[in-house]
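Working notes, beginning with the structure itself.
Numbers for residues simply follow the sequence, beginning at 1. Heavy atoms only: backbone and side chains are in, while hydrogens, waters and symmetry mates are out.
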Amino acid sequence: MRTTNQSKVTEFMIVGFPNLQEFHTFFFILLLLIYLFTIFGNLVIFAIIKLDAQLHTPMYFFICILSFLEIWYTATTIPKMLSNLLSGKKSISFTGCLLQMYFFHSLGATECYLLTAMAYDRYLAICKPLHYHAIMNTKMCFQMIAGCWICGFMCPVTEVILVSKLPFCGPSKIQHIFCDFPPLLSLACTDTSISILIDFAINAFIILVTFLLIMLSYVKILKNVVKIHTAEGREKAFSTCASHLVVVLLFFGSIIFMYVRLKKSYSLDYDRLFAVIYSVLTPLVNPIIYSLRNKNILNAIKRKIAHKRVQCQCAALNLM
């Protein structure tokens with residue numbers, strides 16, 4: 001532990017999963033494979049939507065932005081987690097910890113807003129199809145995306161400023177798998193009740209408001225879907241929402257458990273487990289859900305592969 005002349009902590013140790021020390025090599029390989037698949041999968045979705053003109057619609061535009069966001073969202077935590085699995089020290093500077101918390105929560109809040117925008121898009125497409133293209137035009141899409149990113153990056157500013165001014169005198173062990181506000185606040189050597197209350201209020205507002213708006217959208221969508229007379233029509237309408245709803249429930253279910261609370265009465269391992277869900281597993285399943293379950297994206301990938309084969313065959317013929 002490094003200290004200043006005032007014996008204040010300037011470096012923290014991230015504990016991770018202390019009961020699984022002997023499996024660190026296995027977890028490193030597993031996490032590395034998950035990270036590589038997450039990056040590759042989201043890059044493929046991002047690239048295929050950008051390159052295929054048939055996917056240039058508002059729904060796929062939002063999916064494209066979500067994939068771009070997930071790449072950076074995982075980059076804020078997983079590389080450091082991989083480093084800690086191999087390192088015996090598992091340390092992070094106070095400044096590095098603040099930066100990790102800021103970008104992780106900024107991107108997490110942006111994802112909350114983006115998933116809400118995606119739900120609104122599906123609501124308009126199914127419940128107000130005649131007005132959909134007039135409302136959800138290119139300008140509207142860009143304004144919604146810009147609003148999601150701006151609001152997302154403004155949300156954690158107050159929390160980061162409050163934490164940066166707290167004194168930390170030791171111990172320096174963060175009982176989590178990465179730097180986060182709740183475990184860091186518990187290490188401050190002063191009363192943090194105000195900071196905890198502010199952290200709770202900000203998180204509860206962002207998470208619960210966006211989640212309720214999403215659920216409200218899907219309640220209205222469901223009411224309209226059941227009114228569709230043909231089974232084929234109902235299946236087509238619901239299939240466009242099912243993938244998004246799975247991501248929403250997985251992501252919001254874990255972050256509500258983690259952040260919308262004032263006290264806890266369970267093991268720290270629960271915090272670590274749910275942190276794995278929203279920081280590692282949710283970005284992993286996004287490319288799986290949006291590619292394997294989406295016929296349009298699969299067809300776009302097949303078209304690009306077929307186009308590349310034709311180009312290669314033409315190039316080979318030219319060389320002969």
Side-chain angles (χ1 to χ4, degrees), residues 11-18 20 23-24 26-43 66-87 89-115 149 152-153 155-157 159-160 163-164 172-187 199 202-203 206-207 247 250-259 268-287:
E11 189 176 82
F12 296 96
M13 186 182 81
I14 301 174
V15 174
F17 289 94
L20 301 173
F23 300 108
H24 275 195
F26 168 77
F27 284 123
F28 172 82
I29 296 171
L30 179 62
L31 184 59
L32 178 62
L33 292 174
I34 289 174
Y35 184 51
L36 292 175
F37 181 85
T38 301
I39 297 297
F40 176 76
N42 283 298
L43 278 175
L66 179 64
S67 294
F68 176 76
L69 185 149
E70 295 289 26
I71 293 170
W72 294 105
Y73 182 68
T74 53
T76 61
T77 55
I78 295 183
K80 185 61 179 177
M81 289 162 63
L82 288 169
S83 173
N84 288 342
L85 285 170
L86 290 182
S87 171
K89 197 174 182 183
K90 299 179 175 58
S91 63
I92 186 170
S93 68
F94 182 55
T95 302
C97 190
L98 289 177
L99 287 172
Q100 185 180 68
M101 289 190 301
Y102 172 72
F103 284 108
F104 182 73
H105 279 263
S106 294
L107 292 166
T110 303
E111 182 161 350
C112 289
Y113 295 128
L114 183 58
L115 291 173
W149 284 88
F153 274 75
C155 288
V157 171
E159 295 164 282
V160 170
V163 172
S164 67
S172 60
K173 293 182 178 180
I174 297 176
Q175 300 291 334
H176 205 45
I177 58 175
F178 52 80
C179 280
D180 205 358
F181 289 115
L184 190 61
L185 286 172
S186 67
L187 299 180
D199 178 62
I202 292 173
N203 289 326
I206 296 169
I207 295 169
V247 173
L250 185 63
F251 180 70
F252 277 93
S254 56
I255 63 174
I256 286 173
F257 177 89
M258 182 67 189
Y259 296 108
L268 290 170
D269 288 334
Y270 282 95
D271 284 357
R272 300 183 182 108
L273 178 60
F274 279 90
V276 169
I277 293 174
Y278 63 76
S279 67
V280 178
L281 296 185
T282 301
L284 170 67
V285 300
N286 277 357

Identify the heavy atoms of [X] and [Y] that sit nearest to each other, and give their distance.
X	Y	result
A275	F178	CB-CE2, 4.0 Å
S279	T74	O-CG2, 4.0 Å
P287	F37	CG-CE2, 4.5 Å
K80	S91	NZ-O, 2.8 Å
L250	S254	O-OG, 3.2 Å
S172	L187	C-CD1, 4.3 Å

May I ask you to test the [X]-[Y] pair for a side-chain heavy-atom distance under 4.5 Å?
X	Y	answer
R272	V15	yes
I174	C179	yes
Y35	V280	no
F28	L82	yes
F153	F103	yes
T282	Y73	no

Gap separating the [atom1] atom of [X] from the [atom2] atom of [Y], nearest 0.5 angstrom:
X	Y	atom1	atom2	result
L30	F27	CG	CZ	7.5 Å
T76	I71	OG1	CD1	13.0 Å
I34	I29	CD1	CD1	12.0 Å
I177	N84	CD1	CG	10.5 Å
H24	K90	NE2	NZ	5.0 Å
T38	L284	OG1	CG	4.5 Å

Practice task
With sequence neighbours left out, write down each residue that passes side chain to side chain contact (heavy atoms under 4.5 Å, CB included) with S93, or none if nothing qualifies.
Solution key: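 Residues passing side chain to side chain contact (heavy atoms under 4.5 Å, CB included) with S93: T95.
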Handout entry: Test side chain to side chain contact (heavy atoms under 4.5 Å, CB included) applied to I207 - qualifying residues, sequence neighbours left out
Key =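 Partners of I207 under the side chain to side chain contact (heavy atoms under 4.5 Å, CB included) test: N203, F252, I255, I256, Y259, V260.
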Exercise for the section: Please name all residues satisfying ring pair (Phe, Tyr, Trp, His ring centres under 6.0 Å) with F274, sequence neighbours left out, ordered by chain then number. Expected result: F257
Problem - Test ring pair (Phe, Tyr, Trp, His ring centres under 6.0 Å) applied to F251 - qualifying residues, sequence neighbours left out - result: none
Problem - Donor on one side chain, acceptor on other, N286 and E70, under 3.5 Å - result: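 Checked: N286/E70 side chains pair up, N/O donor to acceptor below 3.5 Å.
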Handout entry: Any donor-acceptor pair under 3.5 Å from S83 side chain to P79 backbone
Key = no
Exercise for the section: Give a yes or no on this: more than 12 heavy atoms of other residues, nucleotides or ligands lie within 6.0 Å of atom CH2 of W72. Expected result: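 Atom CH2 in W72 is not packed in, count stays at 12 or less.
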Problem - Pairing residues for Q100 by the side-chain hydrogen bond (donor to acceptor under 3.5 Å, both in side chains) criterion, not counting sequence neighbours - result: none
Could you pull out all donor-acceptor pairs under 3.5 Å where a side-chain atom in residues 105-115 meets a protein atom, sequence neighbours excluded?
{"from": "H105", "atom 1": "NE2", "to": "D180", "atom 2": "OD1", "distance (Å)": "2.6"}
{"from": "S106", "atom 1": "OG", "to": "Y102", "atom 2": "O", "distance (Å)": "2.7"}
{"from": "T110", "atom 1": "OG1", "to": "S106", "atom 2": "O", "distance (Å)": "2.8"}

